[in-house]
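Contents: one structure, followed by commentary.
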Amino acid sequence: DTKRTKIRLEEPTDVGQLSYPSPSEPIKTSVPFQQPSSLLTFSYTPKHELVFNDSALRYYVQPPQGADLNYGYDRWIRRPDERGRIDNLLHAVSKARSRMDANGHDGKAWLSSIGIISWRGVITKIFTAPYEERDAWELNVMFRNGTLYFEEHLSEDRLVEKNNIPPRQRIQMYYGYAFESYCTSDSQNSTTPNGWGGDVDTNVQWCSVVKTKLGDTRIIIGGEVDCVRGKFTSKTDNFVELKTSLTIRGPLDEARFEKKLLKFYFQSFLLGVPEIVVGFRTPKGQLSTVQTFKTMELPRLVRDKEGAWNPLVCLNWGKDFIDFLISIVTSHTPCETDDEPVWRVKFAPRSGVTATLLTKEGIDEVVNGEDRVGFLPKWYFDEVTE
Ligand code: A3P
Ligand code: MG
Ligand code: MG
């Protein structure tokens with residue numbers, strides 16, 4: 001392709017930047033986002049192994065009033081923080097593709113029509129960026145057969161930091177999981193004497209993989225779903241997201257909570273989760289009240305408030321971000337390496353994103369001595385390359 005810019009890779013090369021949208025601009029419309037529909041679900045076992053069944057599915061139950069969220073803290077089995085590899089999502093995509101083939105459809109053609117494959121956490125970060133004032137993030141990006149693949153890039157330092165959380169912060173984190181335990185049961189109508197749903201093991205997760213569309217870009221998103229209300233029917237319409245937050249005591253707390261709702265909103269919206277149950281708690285972990293929010297009503301709830309956010313700003317930004325990436329990956333090519341190109345995209349709050357093409361050393365760091373092409377597992381790369 002003669003239109004492609006050839007890039008020498010002695011050092012990371014800037015290939016472009018996208019500046020930040022101004023959140024204060026009045027925006028009335030946005031690029032359409034299709035209601036996500038379920039492709040498949042899977043579970044992680046206590047060994048954090050992926051199984052294609054719903055063994056980790058949990059059912060919503062009313063949590064007991066005044067529940068103690070410190071309960072069971074010393075028995076918490078905590079999965080260590082690791083690099084958020086895309087492998088298990090690709091197993092699910094591969095499974096969906098072979099199911100399609102088995103049903104007489106063209107799984108390969110279907111897969112090549114997908115514009116983006118990513119975990120939900122990454123897509124949430126992208127969409128909420130216009131309102132992010134504190135945390136920077138970095139992604140690794142690859143492009144293969146028309147599909148963009150995203151992976152969060154965590155530096156060695158950041159990983160160590162994530163695994164050495166100060167005790168006070170660690171117990172606050174546990175409150176979220178304890179709330180999940182009180183709110184769920186592994187069968188549809190069972191309750192235990194104190195309402196405790198079982199000790200927390202964060203290896204165990206139930207995940208949903210959905211397909212959706214932003215403008216013309218088809219997207220496959222995978223993420224954890226906390227529980228379902230009632231019977232599980234393979235659809236997303238009774239999925240429930242559970243959240244905890246400090247009890248609101250005044251206008252300042254309220255504003256802080258409404259700001260947080262943006263993340264709750266996108267996290268849930270992206271997987272088609274229609275309901276968010278928030279457990280308000282004291283600083284010491286006593287559950288005070290529980291309130292249910294309809295995901296789709298959250299934007300209206302915050303609309304005319306101070307510090308309001310507008311999801312349309314986020315969707316438009318998301319579209320610009322995708323267009324920016326597509327223009328970069330289709331117009332640049334490395335000239336001194338046989339490695340599959342990997343791009344590093346860096347987001348800085350109040351500024352925007354920059355993209356660079358990684359050097360051979362950068363790619364080696366991403367591969368990390370594993371059986372990978374860039375950050376894609378070799379088996380998957382071969383599957384989409386055949
Ligand atoms: P809360 O959100 O109720 O505080 P999720 O809400 O996504 O299902 O995650 C469950 C819990 O995991 C959270 O409960 C929180 O304690 C913890 N958690 C999730 N993402 C986190 C993050 N980025 N940093 C710290 N803790 C996180
Ligand atoms: Mg969860
Ligand atoms: Mg949750």
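For the numbers below, each heavy atom of this structure counts, side chains included, while hydrogens, waters and symmetry mates do not. One-based numbering, in listed order, for ligands and for the atoms of each.
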Looking at the rings of [X] and [Y], which for Trp means the six-membered one, are their centres under 6.0 Å apart?
| X | Y | answer |
| --- | --- | --- |
| His91 | Trp379 | yes |
| Trp196 | Tyr182 | yes |
| Trp137 | Phe347 | yes |
| Phe280 | Phe257 | yes |
| Tyr380 | Tyr149 | yes |
| Phe266 | Phe264 | no |

Among all protein heavy atoms, pick the one closest to [atom] and tell me residue, atom and distance.
| atom | result |
| --- | --- |
| atom 18 (N) of ligand 1 | Tyr177 OH, 4.2 Å |
| atom 6 (O) of ligand 1 | Lys243 NZ, 2.7 Å |
| atom 4 (O) of ligand 1 | Thr244 OG1, 3.1 Å |
| atom 13 (C) of ligand 1 | Gly176 CA, 4.4 Å |

Among the heavy atoms of Phe179, does any lie under 4.0 Å from an atom of ligand 1?
->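 It does not, in that no heavy atom of Phe179 comes within the 4.0 Å cut-off of ligand 1.
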
Of all the heavy atoms in Ile165, does at least one lie under 4.0 Å from an atom in ligand 1?
->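 So Ile165 does not count as touching ligand 1.
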
Answer yes or no for [atom]: protein heavy atom present at a distance under 4.0 Å?
| atom | answer |
| --- | --- |
| atom 8 (O) of ligand 1 | yes |
| atom 2 (O) of ligand 1 | yes |
| atom 22 (C) of ligand 1 | no |
| atom 11 (C) of ligand 1 | yes |

Assess whether a salt bridge exists between [X] and [Y], defined as any Lys/Arg side-chain N lying under 4.0 Å from an Asp/Glu carboxylate O.
| X | Y | answer |
| --- | --- | --- |
| Glu132 | Arg350 | no |
| Arg372 | Glu370 | yes |
| Lys378 | Asp371 | no |

State the atoms of ligand 1, each with its element, that fall below the 4.0 Å cut-off from a heavy-atom position in [X].
| X | answer |
| --- | --- |
| Gln267 | 5 (P), 7 (O) |
| Leu242 | 6 (O) |
| Glu241 | 5 (P), 6 (O), 8 (O) |

What N/O/S atom of Asp226 is the closest to the Mg ion (ligand 2)?
->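 In Asp226, the N, O or S atom with the shortest distance to the Mg ion (ligand 2) is OD1.
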
Applying a 4.0 Å heavy-atom criterion (strictly less than), which segment of Asp226 is in contact with ligand 1: side chain, backbone, both, or neither?
->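 Side chain only.
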
May I ask which of Met173, Glu180, Gln169 has a heavy atom nearer to atom 16 (O) of ligand 1 than the others do?
->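 Nearest heavy atom to atom 16 (O) of ligand 1 lies in Met173.
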
Residue among Asp226, Thr184, Asp54 satisfying side chain to side chain donor-acceptor pair (under 3.5 Å) with Trp206 |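 Of the listed residues Asp226, Thr184, Asp54, the side chain to side chain donor-acceptor pair (under 3.5 Å) partner of Trp206 is Asp54.
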
Gln172 N/O to ligand 1 N/O under 3.5 Å |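 Looking only at distances, the answer is no, because the N/O contact criterion of under 3.5 Å is not met.
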
So is there a nitrogen or oxygen of Tyr174 less than 3.5 Å from a nitrogen or oxygen in ligand 1?
->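 In fact, backbone or side chain, Tyr174 has no N or O that close.
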
Examine all N, O or S atoms of Leu242, backbone included, and report whether one is under 2.8 Å from the Mg ion (ligand 3).
->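 Yes, since at least one N, O or S atom of Leu242 sits under 2.8 Å from the Mg ion (ligand 3).
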
Please report the shortest heavy-atom distance between Cys183 and Leu242, naming the atom on each side.
->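 The answer is CB-CD1, 3.8 Å.
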
Short check: any N/O/S atom of Glu224 below 2.8 Å from the Mg ion (ligand 2)?
->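 It does: Glu224 brings an N, O or S atom closer than 2.8 Å to the Mg ion (ligand 2).
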
Shortest-distance N, O or S atom of Glu241 relative to the Mg ion (ligand 3) =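 Minimum-distance N/O/S atom of Glu241 relative to the Mg ion (ligand 3) is OE2.
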
Identify which one of Arg229, Lys294, Lys243 satisfies the salt bridge (charged side-chain N to carboxylate O under 4.0 Å, His left out) criterion when paired with Glu275.
->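 Exactly one candidate clears the test, Arg229.
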
How far apart are the C-alpha atoms of Val313 and Asn310, what are their side-chain angles, what is the distance that settles it, and do they pass the side chain to side chain contact (heavy atoms under 4.5 Å, CB included) test?
-> CA-CA 6 Å; Val313 169; Asn310 178 352; 4.0 Å; yes

